[in-house]
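Below is one structure; the comments refer to it alone.
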Amino acid sequence: MNFAHPNLSLEEARATPLGYREEIDGLRAVAVLPVLFYHAFPTAVPGGFYGVDIFFVISGYLITGIIHKQMLSNSFSIADFYARRIRRIFPALIAVVLVTFLIAWFLLPPRELKSLGTNIAGGAVFIQNFILLGQVGYFDLAAEKKPLLHLWSLAIEEQYYIVWPLLLMLIGAWRRWSLAITIALAVASFIACLIVQPRAPDYAFYLPVTRAWELLVGSGLALWVNGRSVEARPQPLIDGPMVRELIALAAMLAIVIAFWRFGRLTPHPGVRTLLPVLGAAALIATSGTLVHRYVLSSTPAVFVGLISYPLYLWHYPLMAYARIQFVDQVPAWVMIAIIAASLLLAFATYRFIERPIRFGRRRVPLKVGSLLGGMAVLGIVGVIADRSNGWPARIPAEIRGFMLDGSETAFRWRNGKCLLMADQSAFAPECLGTGRRPLVAVWGDSYAASLYPGLAQFGAERGFDVAEFAISACAPLIGYVNAQRPLCKPSNDAVLRHLTELKPDVVIFYGTWRASDDEVRAGLERTIPLVKEAGVPTVVIVGPPPTWQGDGLPANMLDYYFRTRTVLPERTWFRTVDEWTKPFDAFLAAQAKRLGADYVSLRQFMCDDNGCLTRIGPNASELTTFDSGHLTYPASLLVARHVLDTVPGLPK
């Protein structure tokens with residue numbers, strides 16, 4: 001039976017091919033190049049990430065067209081479909097992931113390799129979007145250094161390919177309603193996207209349910225094409241050459257607007273995502289126009305389109321590793337070289353890996369079995385890297401003990417209770433202390449949480465109590481707003497209420513202070529008087545500790561060892577961010593003096609002319625931080641003692 005057109009003969013059904021259209025390969029180039037340039041130079045193409053949305057439309061159109069054509073001829077096979085997808089997707093993916101892991105083996109410290117292992121395992125079974133949902137947002141700064149971040153889009157496509165053929169077989173039985181049902185599903189997905197996006201942007205970005213409408217637009221277009229193509233020659237979708245010209249120009253303009261007028265602050269996916277999605281659909285629905293002949297069908301565009309899949313795969317790991325190596329700023333010439341290298345690697349992958357495996361009917365079971373086995377091996381490697389906490393045995397013995405991942409310290413922070421996460425605004429009862437006096441309260445972000453263990457230790461020894469009010473990524477300032485953490489304001493308001501009720505003897509402010517000087521000045525002017533009005537006699541501001549570029553002190557120690565074959569000195573300026581710490585330390589000290597608060601400079605305590613402390617303890621065996629600036633437990637004890645002994649009136 002023919003699923004969509006049961007009344008058609010087999011010969012008629014065979015006469016509905018989509019046919020090869022080189023302008024669709026050109027459209028792939030329009031999609032992939034802005035993505036590359038956005039990842040390399042975000043300000044040059046601020047909306048370049050919309051290229052992925054164009055890819056979704058193209059994928060939905062082509063896959064649905066192929067499946068539907070086979071359904072019309074009663075020749076569709078789920079097994080054959082997945083075998084073809086494996087031969088299409090796996091060869092380049094295995095090559096890129098393997099190279100990415102081999103580079104990481106020599107470059108990344110355990111914590112980062114553990115994270116990469118999780119991503120490799122997730123990528124092997126195409127759930128990378130769900131893995132990233134628990135790790136990092138696509139637009140977060142930390143995302144730039146995740147080598148396999150870009151596999152989220154491939155995961156969504158593959159999830160769609162698993163579900164959609166089954167649905168298409170089901171709705172194909174109602175041939176007159178198949179297109180209407182597809183449109184209804186697309187509308188439902190789009191509405192879900194609009195509902196979720198303002199409330200949980202990362203969920204809207206990564207979830208297949210809120211992304212499916214983009215693929216369904218392409219799928220609906222393919223069903224429309226096949227529905228009209230019952231003649232020996234496909235009928236044009238849009239009659240009138242002038243109308244097609246205007247539609248094609250408008251579609252290109254819509255795509256250009258998305259690339260250059262929108263950016264990472266634009267709610268995405270959302271209403272504005274309609275521009276690139278409908279623009280791509282309109283270009284697929286039209287043909288033969290000036291845009292198609294001279295832009296999309298041009299030789300360079302078709303060439304880039306043909307290698308667009310391996311090009312997309314190669315570019316991001318190379319850029320991520322460049323950002324890891326160059327720390328904060330990758331030179332423009334390096335990014336240009338990476339784009340050129342990505343093009344060369346993509347062509348080589350397409351020519352020598354993709355084509356030999358993808359095409360041809362010989363040894364298909366062997367090819368599919370080998371690819372499945374190769375992907376399974378990669379997945380196992382990823383699981384081992386994750387479960388072994390980053391394969392620490394590969395690290396030279398001289399520095400292996402310094403390769404901290406945070407678990408050695410962070411369990412003392414009381415995460416989720418007294419260190420609130422992004423979706424929390426209420427502190428657990430134990431955060432308020434036990435009722436003993438005197439009471440010291442520490443208020444800040446995760447930096448404050450890293451100071452709490454030291455304060456708690458000395459509290460037990462010296463007979464004072466400690467209250468902990470830490471809010472992840474939120475400065476301890478009343479009225480502070482962080483667009484990525486909408487609960488900052490209510491959480492800080494809750495802290496002030498607790499302080500008013502508890503009336504602690506001391507409140508210590510300690511945070512990353514990653515806000516503008518004006519924001520910090522205005523926030524302190526609001527906050528410190530309110531704390532004093534609450535009955536707190538002593539207010540202490542603790543300045544920023546020595547912090548480190550890139551992925552933190554363990555990563556820099558590993559890099560230093562590979563460069564010099566020696567351990568990072570106990571004091572050093574190597575990859576510190578003192579150009580920020582020193583002036584901000586002076587600024588914060590001036591604000592404390594102006595507002596009548598005590599100030600403790602950790603920079604002056606931990607740095608001298610020879611550099612800043614990297615290691616402390618017996619034989620300098622303990623790092624001061626496990627990443628850029630969070631204190632390890634030994635450093636927390638060191639800093640807590642210094643704060644308590646420096647400020648008059650604090651428990652000695």
**Q.** Taking every non-hydrogen atom, the tightest pair across Ala248 and Thr289
**A.** CB-OG1, 3.5 Å
Q) Quick one: side chain to side chain contact (heavy atoms under 4.5 Å, CB included) partners of Leu372, sequence neighbours excluded? A) Ile86, Phe90, Val368
Q.
Checking Thr349 against Tyr309 for the side-chain contact (heavy atoms from CB on, under 4.5 Å) test, could you report, in this order, the C-alpha distance in whole Å, the side-chain angles of both residues, the deciding distance, and whether it holds?
A. CA-CA 10 Å; Thr349 304; Tyr309 172 57; over 6 Å; no
Q.
With heavy-atom distances below 4.5 Å as the criterion, would you say the side chains of Leu274 and Phe190 are in contact?
A. yes
Q: With sequence neighbours left out, write down each residue that passes side chain to side chain contact (heavy atoms under 4.5 Å, CB included) with Ser77, or none if nothing qualifies.
A: Ala79, Asp80
Q. Between Arg85 and Glu158, is a side-chain contact (heavy atoms from CB on, under 4.5 Å) present by the stated rule, with each step listed?
A. CA-CA 9 Å; Arg85 295 313 302 161; Glu158 293 305 308; 4.2 Å; yes
Q. Below 4.5 Å, heavy atoms only, C-beta onward: do Leu151 and Leu313 meet side chain to side chain?
A. yes
Q | Heavy-atom closest contact (Ile338 atom, His315 atom, distance) | A | CG2-O, 4.3 Å
Q | Under 3.5 Å side-chain donor-acceptor pair for His292 and Ser287 | A | no
**Q.** Pair Arg88 + Glu354, salt bridge at N-O below 4.0 Å
**A.** yes
(Q) Using only atom types and a distance under 3.5 Å, with no angle test, would you say the side chain of Ser308 pairs donor to acceptor with the backbone of Gly305? (A) yes
Q.
I'd like to check Phe262 versus Pro46 (side-chain heavy atoms, cut-off strictly below 4.5 Å). Are they in contact?
A. no
Q) Just by modelled atom types, is the Thr118 backbone N or O under 3.5 Å from a matching donor or acceptor in the Asp386 side chain? A) no
Q | Spacing of Leu27 atom CG and Leu283 atom CG [to the nearest 0.5 Å] | A | 6.0 Å
**Q.** Side-chain heavy-atom pair Pro147, Tyr321 within 4.5 angstrom cut-off
**A.** yes
Q) Do the side chain of Lys489 and the main chain of Tyr480 share a donor and acceptor less than 3.5 angstrom apart? A) no
Q | Pro310 versus Ala346, closest heavy-atom pair with distance | A | CG-O, 3.6 Å
Q. Where the side chain of Arg199 meets the backbone of Ile195, is there a donor-acceptor pair that is under 3.5 Å apart?
A. yes
Q) Does a side-chain heavy-atom distance below 4.5 Å link Leu166 with Ile78? A) yes
Q: Rounded to the nearest 0.5 Å, what's the gap from CD1 on Ile183 to CG on Leu216? Could you check?
A: 10.5 Å
Q.
Atom OH of residue position Tyr82 - does it have more than 12 heavy atoms of other residues, nucleotides or ligands inside 6.0 Å?
A. yes
(Q) With a 3.5 Å distance limit and no angle check, can you tell me whether Ser189 reaches the backbone of Ala186 through a side-chain donor-acceptor pair? (A) no
Q: State, with a plain yes or no, whether a side-chain heavy atom of Leu93 is found less than 4.5 Å away from one of Leu378.
A: no
Q) Can you tell me if CZ on Phe81 sees more than 12 non-hydrogen neighbours from other groups inside 6.0 Å? A) yes
Q.
Distance check, rounded to the nearest 0.5 Å: Leu207 atom CG versus Gln159 atom CD?
A. 9.0 Å
Q. For the atom pair CD1 (Ile357) and CZ (Arg355), what is the distance rounded to the nearest 0.5 Å?
A. 12.5 Å
Q) Who pairs with Ala282 by side chain to side chain contact (heavy atoms under 4.5 Å, CB included), at least two apart in sequence or on another chain? A) Ile247, Ala251
**Q.** Nearest heavy-atom neighbours spanning Ile94 and Met375
**A.** CG1-CE, 3.6 Å
Q: Without swapping roles, check the side chain of Ser472 against the backbone of Met421 for a donor-acceptor pair under 3.5 Å.
A: no
Q.
Are the side chains of Val304 and Val32 in contact, using a 4.5 Å heavy-atom criterion?
A. yes
**Q.** Working for side-chain contact (heavy atoms from CB on, under 4.5 Å), residues Thr182 and Trp224
**A.** CA-CA 11 Å; Thr182 301; Trp224 186 30; over 6 Å; no
Q: Using the salt bridge (charged side-chain N to carboxylate O under 4.0 Å, His left out) rule, collect all pairs that involve residues 24-48, keeping only residues at least two apart or in two chains.
A: Asp25-Arg28
Q) Under a 4.5 Å cut-off applied to non-hydrogen side-chain atoms, are Ile162 and Phe126 in contact? A) no
Q: Would you give the length of the straight line joining atom CH2 of Trp152 to atom CG of Leu132, rounded to the nearest 0.5 angstrom?
A: 10.0 Å
**Q.** Nearest non-hydrogen partners of Gly279 and Ile255, listed with the distance
**A.** C-CD1, 4.0 Å
Q) Roughly how far, to the nearest 0.5 Å, is the CD atom of Glu23 from the CG atom of Leu296? A) 7.0 Å
Q: Might you work through the side-chain contact (heavy atoms from CB on, under 4.5 Å) test for Val35 and Phe49, ending with a clear yes or no?
A: CA-CA 5 Å; Val35 173; Phe49 53 85; 5.8 Å; no
Can I get a per-line list of side-chain donor-acceptor pairs under 3.5 Å for residues 50-58, giving both atom names and the distance, sequence neighbours left out?
from	atom 1	to	atom 2	distance (Å)
Asp53	OD1	Arg211	NH1	2.7

Q. Taking atom types as modelled and ignoring hydrogens, do the side chains of Tyr160 and Ser219 form a donor-acceptor contact shorter than 3.5 angstrom?
A. yes
Q) Would you say Glu144's side chain and Arg323's backbone share a donor-acceptor pair under 3.5 angstrom? A) no
Q) Taking the inter-plane angle between the rings of Phe303 and Phe347 on a 0 to 90° scale, is it parallel (under 30°), tilted (30 to 60°) or perpendicular (over 60°)? A) tilted
Q | Non-neighbouring partners of Val99 that pass side chain to side chain contact (heavy atoms under 4.5 Å, CB included), sequence neighbours left out | A | Ile103, Trp314
Q | Minimum heavy-atom distance between Arg351 and Pro356, given as atom pair plus value | A | O-CD, 3.5 Å
